[in-house]
Amino acid sequence: MEALAFIEQIPPFDQLPPEDLEKVQQAMQRVEYEAGAIILRQGGAPSAYLNIVRSGSVELRANGRVRHVLEAGEMFGFPSMLSQEPPLTDVVAAEPCVIYRIPESLFRTLLERPPFAQYFLRSLSERLRNAASEQSLNAQGLGMPSKYLVVHEPIFVAPNATVQEAASVMAKAGVGSVLVADEPPGILTDRDLRNRVLAAGRGPETPVREVMSRPLIAIDSDTPVHGAMMRMLEEKIHHLALVEEGKIVGLISSTDLLRFQSQNPIFLQRQLNALHDPKELARYSNEVNSVVETLYRGGLAAPQIGRIVSTLNDTLIARLLQQGEAEFGAPPTPYAWIVFGSEGRCEQMVLTDQDNALVYAEPSERADTYFHALAEFVVQRLIQAGFPPCPGGYMATNWCKPLDEWLTLFSDWIDRPEPQALVEAGIFFDFRPVYGELSLEPLEQRMMSAQRNGIFLAYLAQAANAFAPPLGFFNRLRSEGGYIDLKKGGVAPVVGMARALALAAGSRERSTMERLNAAVQGGTLSSEGADNLSGAFQFFLHIRLRAQLETIRNGQKPDNRIRVKDLTTREQRLLRDAFIMVREMQESVAEQLRAGGLR
């Protein structure tokens, strides 16, 4: 019974019914090995058993090099058994150990149970993604199809109808908008009637076509609620049409989403757009944390939460810049406010250090004075809102320069990839414009010139490898005081590789996930490599966010550390496997780019 009690708590045996566990107990064999004993031999006969480590540890060695160390509860032998090919590694007892063995015949019988089979047939990336999405979107939450929010059938008016006729239809139906049956379709809302008819002094005979909003933004009716929410935030709109097979079947509004959920990012975005009193900024951090908590509990994945939070932060910055322009007057020359770091990649979830800069078109004494004052104004208010100053000084108060100076900086970093240049390229090459009329296309093109500089790309990849996964001897997790810094050990290595590979592919993408996809399309990364890195990245973000939210609930300041003992045994194994994969990918990517640039 002791053996069965041990086995039945190990995935995927914990998914088996009692009758199958009884079969396991009857067929399972207990084998002891002395330290140094070879259990399976690289290139030898396929394994005839599923092996489970009961006590002690075993090493997986390829060509004499230790690749993995397996401890109690971990399994080996099944890859060669499934493929009927020789093992790819030696399996050696690192110390005296006890192994439970399940014969192949029973193992293949158990593979007929879908949950059991899925565990062994899934790739590492799938297991990581599944672990990151265990707080699943439930059918009544953010994963619910948007069509279930529709209250009324779609109401149409003709484009040549008068606004008085349209208003009468809206009043009779008790709705705040009607669709316009034009090609392409449009929409007329209460806001349009107020701003484009009454405020503009137009009469009741004004044709709807002249004041309607178009194009009408539409999504598939089965799009989850969180997808509709994200679209409204990004487009800064208040209505979405729902379509099925090209036909409009409904209309939802931001009000529908606000009724659906109280801690809603759309409500916070509205508050930000109406922000006046600087004292209100002090609430922003807590309000964002509440939104993140709600989205997380609703089952939204960390990358999606990052996009929503970045949209809210963008709205706040835009509002602060508008207030700055109102205080200092119209800008003397076009400018752009840019963000970088996790905010530039749309991957920030809880508020972290500021990473921003200001680019303006033409240098002059007046422009220099104006934009430095504007930068100081916004940076100080962001501090009030809960964004701490950047310890490294990467803020617009220090990085406020005309476009020509930025172009020179980018060129210098690419042409002379010295250590500090690589640090700053790694920071600023994540830039994303948030507000302003200045086109940054010249800066984009200058950054893209890095694709032709193999030496720079090779050094950029090497610089990314300065962040090493926390693995010790025999690939065991290495912690400091029981904690692991997930940013340094997991997130930053993947971000750095994705940045270098995307630049090598000539991609302008900013988010890590999109950069990995672009690297595959550009031929600088294999599909398997991108899949594994993407799965690991989502897993890192998930367990970090979970820990950060717990820290916030306890009234403490969140950071990038996780406590190892707070992870389940399964999560610890997945984390170690993800770290091992990331380290191997770092070596591979660095060698690939080195071969292309440092000849």
Side-chain angles (χ1 to χ4, degrees), residues 142-147 149-150 154 175-180 182-196 211-244 246 248-261 264-275 288 291 295 298 300-301 303-319 321-322 336-339 343-348 432-437 439-440 508-511 513-514:
L142 293 169
M144 181 176 70
S146 296
K147 60 187 175 186
L149 296 181
V150 174
V175 297
S177 62
V178 289
L179 297 169
V180 182
D182 205 356
E183 189 55 45
I187 185 171
L188 183 72
T189 68
D190 284 336
R191 184 186 301 261
D192 295 328
L193 291 174
R194 182 173 65 249
N195 295 340
R196 298 176 183 173
V211 293
M212 68 179 178
S213 296
R214 192 166 60 178
L216 177 65
I217 305 297
I219 59 173
D220 189 271
S221 65
D222 286 323
T223 300
V225 168
H226 70 80
M229 185 185 300
M230 189 70 242
R231 193 68 185 271
M232 283 191 188
L233 285 168
E234 291 181 334
E235 299 285 349
K236 296 180 174 62
I237 56 175
H238 301 279
H239 296 82
L240 276 174
L242 304 183
V243 297
E244 291 178 2
I248 296 175
V249 296
L251 189 71
I252 60 173
S253 68
S254 56
T255 303
D256 296 325
L257 290 176
L258 289 171
R259 280 198 299 265
F260 174 73
Q261 198 173 47
N264 192 300
I266 292 177
F267 178 70
L268 181 51
Q269 189 180 56
R270 283 187 182 181
Q271 289 182 310
L272 294 173
N273 282 324
L275 179 69
V288 167
V291 166
L295 297 175
L300 208 58
Q304 295 166 318
I305 294 175
R307 285 181 59 199
I308 289 175
V309 172
S310 293
T311 301
L312 293 174
N313 292 343
D314 291 354
T315 302
L316 171 63
I317 290 170
R319 182 61 183 151
L321 285 162
Q322 291 164 2
W337 185 278
I338 62 175
V339 293
E343 179 70 4
R345 300 188 302 273
C346 295
E347 292 164 2
Q348 184 173 108
R432 179 172 60 84
V434 170
Y435 184 84
E437 298 180 356
S439 170
L440 298 183
R508 297 188 177 197
E509 296 291 357
R510 294 297 194 269
S511 85
M513 305 276 282
E514 290 170 347

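If you take CD on Glu183 and CZ on Arg214, they are separated by 8.5 Å, rounding to the nearest 0.5 Å. Interatomic distance, Leu316 CG to Leu321 CG, rounded to the nearest 0.5 Å: 9.5 Å. Separating the OG atom in Ser177 from the CG atom in Leu193 is a distance of 10.5 Å, to the nearest 0.5 Å. To the nearest 0.5 Å, atom CD1 of residue Ile217 and atom CD1 of residue Ile219 are 10.5 Å apart. Distance check, rounded to the nearest 0.5 Å: CD of Glu234 to CZ of Arg307 gives 4.0 Å. Atom CG of Leu216 and atom CD1 of Ile187 lie 5.5 Å apart (nearest 0.5 Å).
Of the residues Arg191, His238, Arg196, His239, the one that meets the side chain to side chain donor-acceptor pair (under 3.5 Å) test with Ser213 is Arg196. Applying side chain to side chain contact (heavy atoms under 4.5 Å, CB included) to Val211 and the options Asn195, Val180, Leu188 leaves one that passes, Leu188.
When only modelled atom types and interatomic distance are considered, Ser310 and Asn313 share no side-chain donor-acceptor pair under 3.5 Å. Residues Gln322 and Arg319 have side chains that bring a donor and an acceptor to within less than 3.5 angstrom of each other.
Considering all non-hydrogen atoms of both residues, Pro154 and Leu179 come closest at CB-CD1, 3.8 Å.
Between the side chain of Ser146 and the main chain of Thr223, a donor-acceptor pair closer than 3.5 Å is present.
You'll find the side chain of Asp314 reaches within 4.5 Å of the side chain of Arg432, heavy atoms only. Here the side chains of Thr189 and Asp192 are in contact, with some heavy-atom distance below 4.5 Å. Residues Ile252 and Met232 are in side-chain contact: their nearest non-hydrogen atoms beyond the backbone lie under 4.5 Å apart. For the pair Leu251/Val175, no side-chain contact is recorded, criterion being any heavy-atom separation below 4.5 Å from C-beta on. Annotation: side chain of Val339 is not in contact with side chain of Gln348 (no heavy-atom distance under 4.5 Å).
Qualifying salt bridge (charged side-chain N to carboxylate O under 4.0 Å, His left out) partners for Arg231, counting only residues two or more places apart in sequence or in other chains: Glu235.
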Step-by-step side chain to side chain contact (heavy atoms under 4.5 Å, CB included) determination, Asp182 to Met212: CA-CA 10 Å; Asp182 205 356; Met212 68 179 178; 3.5 Å; yes
